[in-house]
Novice: 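To start, I am sharing the structure in question, which I have written as structure tokens.
Lettering follows sequence order; numbering is per chain, from 1.
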Amino acid sequence: MRASGVHTDHNVFPSVLKSRAAPRDPNLISSIHGTIVVLGLVLNLYTGNALMNAYSKLADILLVKKVFDEMPKRDLVSWNTIIAGKGNAKSGIYEEALEMVRMEIHGFAVRHMFDTDVFVGSSLIDMYANCTKVEYSHRVFELLPEPNAISWNSAIAGSVQNGLFDEGLRLFRRMLLAKIKPMPVTFSSIMPACAHLTTLHLGKQLHGYVIRGGFDDNVFVASAIVDMYAKCGNIGTARYIFDGIKVLDMVSWTAMIMGYALHGPAEEALSLFQRMEKENGKPNYVAFVAVLTACSHSGLIDEAWRYFHSMTRDYGIVPCLEHYAAVADLLARAGKLEEAYGFISNMHIRPTASVWSTLLGACRVHKNAELAKKVAEKIFALEPKNMGYHILMSNIYSAAGRWREAANLRIMMKDKGMRKQPACSWIEVKSKVHAFVAHDKSHPYYDKIMETLEVLLEQMERAGYVPNTEDVLHDVEEEQKRDLLCGHSERLAIAFGIISTPPGTTIRVTKNLRIIIACKKGGTSIEDLAEKFPDMIIKVPIDVFKGITDEDAAKVVDGLAPMVADKNTSIEQVKKLYKLFCECDCTLLEINSIAETADNLLVAADAKLNFDDNAAFRQKEIFALRDPSQEDPREVRCCAI
DNA sequence: TCCCTTCAAC
């Protein structure tokens, strides 16, 4: 238009500045700004507002202010832009003022009847969630007459960020039912729910949806997926997704490094960290949390010190609680108990009970009751009502033969009205969560499970299994035998997994408490055996399957096919899906076979899982998600997605 | 013609 000599007046520039290309390009903005000045349009209200907006998207607060200050006339939009433009409120200029009136804003909005406006409503949802007032956040959401996609996203993100994972999943399902199309933001918000719950099959279905929606090239979404697979123990798939990310950023690197730190070999984590330093530049403090966690879990003391010091020296990052915790944990586990004690005592921030507790755990392993007593006093002062720490200390006394002190502690706990949180393990089979507590006979397959455990125990003993009885504190022979069979909830869950899945299926058991020493170090646990002798574990179910009808067995196999594609799925997507889901627990079903109504993968999967053609849009309880923080661990809360 | 709401690693 400029080249053809047509006069460009004040009507043109607001649109030009709002165009797709402009906001990300500082040079383009400057050049447009220059043209505006040359043409004498800089004093125009709309043009000035648009310029302010363009600069605030670049987070160039000084230029936003400059334009604002030079405008002869300002309207509501000018003021809104300077108050709420990106970078302004968040830059801290107005933050203090806003913080003071935060909770009054809602009242103002209600009085002036703005509370049903989507923009105001979505902001309120976000505000309350950020203030950890999720109940208010939900109330605002439920009262919104016409929530848009952003309102849904805000509600979902708010729930997940406050730890209400199944609430987030439920909202996601409702969003689909309300026919609101999810966006990349939706997935990066909801995916952490699966990561935290370690519900791999939910995460996989969301991943399928992401691929079908073409959102998988979004780096936010991809990072969330990497994190989800890593947290669910599927480190290979996490790496596959990670390697497919075109432009890696700090979060994607860190998610992958943390994945290796938690599950994989430390060398992978460390070499990725070094690659990141080269390719991505400055690691931030979370990246250091990841690399220190990797060192800690692999006992790499020298490396840990090197990173810990380099963090401050080379990158100017002040260590925070997580960094201290990783190093303290490392020292403690390595048996350097006194050094760990000194390190924690000299932290420049106040150590929390959880930092001290790694040392307490190490005192138990390394049998240092004296230091344990000192540490426990600090912990009890910080968290007087936490049962776990008291039990741990009482067990340390018992193991040291200091029965009187152990008993005193138990009596004190009873007086304070503390109740033990029962250990619980759960396993997903056929989209259902089966939860077990020790000695629990309520499961319908209880007899089969016991039979399996007996077969297993026999085979284990033949393979050289030596039970670790060190931690059995009251030694009645009968009880020990029973404890070996069903004393640990995870054994019940593993046995159930073995008899209710086809041979070769990966068995994933999750539990609410840390695995006790007997299952972790010394002796041999079922977990160790499963790792060392995979063949043996796989052979067992063939025998045990005998008791189950063919029909039941077939149902189990069918139930493990949550992967569906439809006629709108592109060949490229099918390839990706197939690559991801061709593992033993999933199969790719035939394309073009899905009903018209199944407009998304999740619903199609839902229908398939329930063997019910009409199920597509019915809200069904197809997933049962346990909330580990719940009082009775057997109480299973159901969540449809 | 201009303004406002949502996201990933800890």
Novice: From the set B:dC2, B:dT5, B:dA8, return the single nucleotide nearest to any side-chain atom of A:Asp75.
Specialist: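 Looking only at side-chain atoms, A:Asp75 lies closest to B:dC2.
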
Novice: Check whether any side-chain nitrogen or oxygen of A:Gln161 sits under 4.0 Å from OP1 or OP2 of B:dT6, and answer yes or no.
Specialist: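 So the side-chain polar atoms of A:Gln161 never come under 4.0 Å of the phosphate oxygens OP1 or OP2 of B:dT6.
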
Novice: Report which part of the nucleic acid A:Met52 touches: base, sugar-phosphate, or nothing (heavy-atom distance under 4.0 Å, all strands).
Specialist: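 The residue A:Met52 makes no contact with any strand.
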
Novice: Does a nitrogen or oxygen in the side chain of A:Lys18 sit under 4.0 Å from OP1 or OP2 of B:dC2?
Specialist: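 True: A:Lys18 side-chain N/O within range (under 4.0 Å) of B:dC2 OP1/OP2.
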
Novice: Distance check: side-chain N/O of A:Lys231 vs OP1/OP2 of B:dA9, anything under 4.0 Å?
Specialist: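 Indeed not, no polar side-chain atom of A:Lys231 lies that close.
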
Novice: Between the side-chain atoms of A:Ser188 and the base atoms of B:dC7, is any donor-acceptor pair under 3.5 Å?
Specialist: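 Answer yes: a donor N or O sits under 3.5 Å from an acceptor.
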
Novice: Tell me the interatomic distance from A:Leu143, atom CG, to B:dT5, atom P, rounded to whole angstroms.
Specialist: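 Between P of B:dT5 and CG of A:Leu143: 22 Å.
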
Novice: Which of the following nucleotides, B:dT6, B:dC3, B:dC10, is nearest to the side chain of A:Val289?
Specialist: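 For the A:Val289 side chain, the nearest candidate turns out to be B:dC10.
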
Novice: With the side chain of A:Asp126 defined as its heavy atoms from C-beta on, choose the nearest nucleotide among B:dC7, B:dA8, B:dA9.
Specialist: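 Nearest to the side chain of A:Asp126 among the choices is B:dC7.
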
Novice: B:dC2 P sits how many Å from A:Ile32 CD1, rounded?
Specialist: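 To the nearest whole Å, that distance equals 15 Å.
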
Novice: Which one, B:dA9, B:dC10, B:dT6, comes nearest to the side chain of A:Ala255?
Specialist: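 Ranking B:dA9, B:dC10, B:dT6 by closest atom to the A:Ala255 side chain puts B:dA9 first.
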
Novice: Grab the CG-P distance between A:Asn218 and B:dA9 for me, whole Å please.
Specialist: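 Distance check: A:Asn218 CG to B:dA9 P gives 14 Å.
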
Novice: Check the distance between B:dC7's P and A:Ile150's CD1 and give it to me in whole angstrom.
Specialist: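 Interatomic distance, CD1 of A:Ile150 to P of B:dC7: 10 Å.
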
Novice: As a test of reading the structure: which of B:dT1, B:dC10, B:dC7 is closest to the side chain of A:Asp227, going by heavy atoms?
Specialist: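 The listed nucleotide nearest to A:Asp227's side chain is B:dC10.
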
Novice: Given B:dT5, B:dC10, B:dC3, which nucleotide is nearest the side-chain atoms of A:Asn53?
Specialist: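 Closest nucleotide to the A:Asn53 side chain: B:dC3.
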
Novice: Is A:Asn284 side chain donor-acceptor paired with the B:dA9 base, going by distance under 3.5 Å alone?
Specialist: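 Flag set: donor-acceptor pair detected.
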
Novice: Considering only B:dC2, B:dC10, B:dC4, which nucleotide approaches the side chain of A:Lys57 most closely?
Specialist: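 When the side chain of A:Lys57 is considered, B:dC4 is the closest of B:dC2, B:dC10, B:dC4.
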
